[in-house]
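Just below is one structure, and these are the notes that go with it.
Note on naming: letters A, B, ... go to the chains in the order of the sequence lines (proteins, then strands), and numbering restarts at 1 for each one. Fair warning: this is a prediction, and the values are worked out from it, not measured in the lab.
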Amino acid sequence: MNTIIKDLGLLINATLVATPPLLYAALGSCFSERSGVVNIGIEGMMTIGAFTGAAVALFTGNGWFAFFCGGLAGALFGLIHAIACVTFGADQTISGTAINFLAPGLAVFLCKAMFDNSTDTPPIDTASKLPKLLDGVFPVGSFANNVFSTYVPAYLCFVLVLVVWFVFYKTRFGLRLRAVGEHPQACDTLGINVFRIRYICVILSGFLSGLGGAYVTLATINQFRPIVIVGQGFIAIAAVIFGKFTPQGAMKACLLFGLCSGLKVMAGSGNTISPNLISMIPYVVTIITLVLFVGRGRVPAANGKPYVKSK
Amino acid sequence: MNEKKSILNSNALYTLIAIAIGFLVGALFLLVAKINPIEAYTKLFTGVFSKPKFVVWAVIYASPLIFTGLSVAFSFKTGVFNIGAEGQFVVGTLAAAVVGIMVDVPAVIHIPLCILAAAAAGSIWGSVVGFLKVKKGINEVLLFIMFNWIAFYLSNYVVNLEVIHKEGGGEATKDVLESAKILLPQSVRQLTGCSNVNFGIFLAIIAAVVIWFLINKTTIGYQLRAVGFNRNAAEYGGINANRAVMTAMAISGGLAGLGGAVQLLGMSMRVSQFATQESYGFQGITVALIAGSNPIGCIFSGLFYGAMKYGGSKLSLINAPSEVVDIIMGTIILFIAVSHVFKKLALKGKRG
């Protein structure tokens, strides 16, 4: 019995470690997609956020500030995406692809330039990382310690889901952003500034993705490496589709995918199932969901289409 | 005046401007990193052109990129965006590796067999997405991304299977058998001083010409283009749009798979465990965009990208980060993506 509880604690802990980066990015993706801008640059935005977070933590020693800066770095690329897609009406997938070249390229480029031509940053010491909740209250290795005492932003992201849900469904801005993603022409005739709302949403998506990336380097592991993100941005996008483009749905999907990662960590110690096969689960699940449940018509109607005012 | 307008109208001009901006932005970041951009770009250039051997290497780097470029360009023509070339390339590589390692037949049969397996694997990978798009109406971009990652982990899974894994550790498969390699004869290899000279580039050029012919001179090509221009009009004209999309995805996937075969049988000889996506497919997007989706253009833009990649690998010699190539290429894509706006402005200015 005790071992089961302990294992359960470890699994919850592993899930709590793996979920937040996905969830931050997925909430970002929600904003962008619901406002009608496809953002596949999330992956790149997470990578630049991961690097910026690590670099700022190394120079300032302030984890929270570094976390915020990671978000800003992501937001910068969100701005680039917004300029290309909203103002210039570029193909959103192509612009996102460009960002997936630019942002990770820039991250490793700057890393080499700043840290002695190395693709990895030096390790960040624990004091400069993000703080843990209730640190040292519970005995190390206990169930309570595993569940209630991980990094603070891991709990914050669930609060953020509530906030985003509130913004989406209970505020004027949320109503507008959802409307802009469905029928921008109609919104424009009602005097809503389509461009401004999309700008805000795409920049927010970059900011939240940046936070997700920074969480990886400031909590999960303690340095930046070019492979820290690999695919998490795309899993976040998958989670949003799986969650039918709602923040609460995305949260459930992220938890499920986080659990997959948790299982991968647990399975890593045995040798029963290949971790590579477990890694496929989020993608396979998403495809199956798309085939079985989502199908036509669930995607915001104006998604992927540049809005041309004079049309 | 007509002449002026035709220059402003041509995509080539805007592509060249985008390339120039790419290099400018790259230079800016080099300056920020306190590296002399002129020195770095000189290294990039001499790294490719100072010795015939280097040029040969750049061509070897280019061959798989021409294939993925063709794959993406072909899909663009039909109005589908094959962002899944990455995954199709990976399964192509994997199929070629399995056949190249496990089947033991003379080279005359072995090489075509490997290449065929790769094309088939890529084609299937693309067709499944085409099928789901057509039958279920699911957004193909999302499906492609999912399939890319499934291919990624599938490859890592297969690489670690006992039967195919290299003996004595290492995170890679065994090398493909000699009979499966597409290297040119020993004499040519010695002459060029490059151990990996292969006939991949000839395959790439043949593929480009075939695809050009297919798009421009055949009924299938006409149908595909018609669907790409205006799906509804094409259907009204009696073209089965769904079948056209399926055909396009099968061919596009096959091309990416071929790229995987060329890369494996001519250059890497084995599949290594991925730590991160190798991006041949994504680089194909750049190749196709620079070529303006023209198959023949893909040969040249593929060579350009190959040279940048190979030259970029030399940058570490002067302690400059080779990632500047990614920055340059990313900027180029971004500016090609927005160039249509400037084109409109330029033409408007002309008229006004």
Side-chain angles (χ1 to χ4, degrees), chain A residues 38 40 44 80-81 83-85 87-114 117 119 225-227 229-231 234-235 237-238 241 274-280 282-284 286-287 290-291 294-297 299 303-304, chain B residues 25 29-30 32-35 81 83 132 135-139 141-143 145-150 152-161 273-277 279 282-283 285-286 289 316 319-342:
Chain A
V38 172
I40 62 163
I80 294 174
H81 191 53
I83 293 173
C85 297
T87 304
F88 290 116
D91 184 303
Q92 297 168 3
T93 312
I94 293 177
S95 170
T97 308
I99 283 169
N100 282 340
F101 268 101
L102 271 174
L106 184 65
V108 181
F109 179 91
L110 291 176
C111 187
K112 281 184 175 175
M114 287 158 80
N117 229 349
T119 56
R225 275 177 264 140
I227 58 160
I229 300 300
V230 228
F234 292 111
I235 295 190
I237 297 171
I241 304 163
S274 158
N276 287 314
L277 292 183
I278 299 178
S279 300
M280 276 184 209
Y283 306 107
V284 176
T286 306
I287 291 172
L290 284 170
V291 171
V294 182
R296 290 169 213 266
V299 180
N303 220 358
Chain B
V25 171
F29 280 106
L30 286 168
V32 170
K34 298 199 182 71
I35 296 160
F81 182 17
I83 196 173
L132 292 176
K135 294 289 171 203
K136 296 281 176 184
I138 304 169
N139 181 327
V141 171
L142 303 170
L143 285 172
I145 291 173
M146 302 303 132
F147 272 80
N148 284 345
W149 287 97
I150 294 174
F152 177 94
Y153 288 111
L154 180 70
S155 179
N156 278 355
Y157 174 69
V158 173
V159 165
N160 284 307
L161 288 179
Q273 180 162 320
F274 300 125
T276 173
Q277 285 183 317
S279 294
F282 296 121
Q283 289 158 0
I285 297 171
T286 320
L289 284 173
S316 56
N319 277 339
S322 56
E323 282 71 21
V324 72
V325 172
D326 291 330
I327 296 175
I328 295 172
M329 288 299 176
T331 312
I332 293 175
I333 310 179
L334 204 59
F335 276 88
I336 291 179
V338 300
S339 67
H340 66 103
V341 175
F342 295 103

For Phe29(B), does the CZ atom have more than 12 heavy-atom neighbours from other residues, nucleotides or ligands under 6.0 Å away?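 It does not: Phe29(B) CZ has 12 such atoms or fewer within range.
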If you tally heavy-atom pairs under 4.5 Å against chain A, which of Trp149(B), Tyr157(B), Phe274(B) wins?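 So the answer, after comparing Trp149(B), Tyr157(B), Phe274(B), is Trp149(B).
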Region of Thr286(A) that comes under 4.5 Å of a non-hydrogen atom in chain B: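 Just its side chain gets close to chain B.
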Quick check on Ile235(A) against chain B: is it the side chain, the backbone, both or neither that has a heavy atom closer than 4.5 Å?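 For Ile235(A), there is no contact with chain B at all, as no heavy atom is under 4.5 Å.
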Side chain, backbone, both or neither: which part of [X] has a non-hydrogen atom closer than 4.5 Å to chain A?
X: Leu30(B); answer: both
X: Asn148(B); answer: neither
X: Phe81(B); answer: side chain
X: Ile83(B); answer: side chain

Distance-only donor-acceptor hits, side chain of residues 98-109 of chain A, under 3.5 Å, sequence neighbours excluded:
from	atom 1	to	atom 2	distance (Å)
Asn100(A)	OD1	Gly44(A)	N	2.8
Asn100(A)	ND2	Ile40(A)	O	2.8

Of all heavy-atom pairs between Gly96(A) and His81(A), which one has the smallest distance, and what is that distance?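 Taking Gly96(A) first and His81(A) second, the nearest heavy atoms are N-CE1, 3.7 Å.
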Mark yes or no for whether Gln92(A), through its side chain, and Cys85(A), through its backbone, hold a donor-acceptor pair below 3.5 Å.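 Answer holds: no.
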Option from Val284(A), Ile278(A), Asn276(A) for which side chain to side chain contact (heavy atoms under 4.5 Å, CB included) with Met280(A) holds: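 Result for side chain to side chain contact (heavy atoms under 4.5 Å, CB included) with Met280(A): Val284(A).
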Under 3.5 Å, sequence neighbours excluded: what are the donor-acceptor pairs made by side chains of residues 322-336 of chain B?
from	atom 1	to	atom 2	distance (Å)
Glu323(B)	OE1	Lys112(A)	NZ	3.0
Thr331(B)	OG1	Ile327(B)	O	2.6

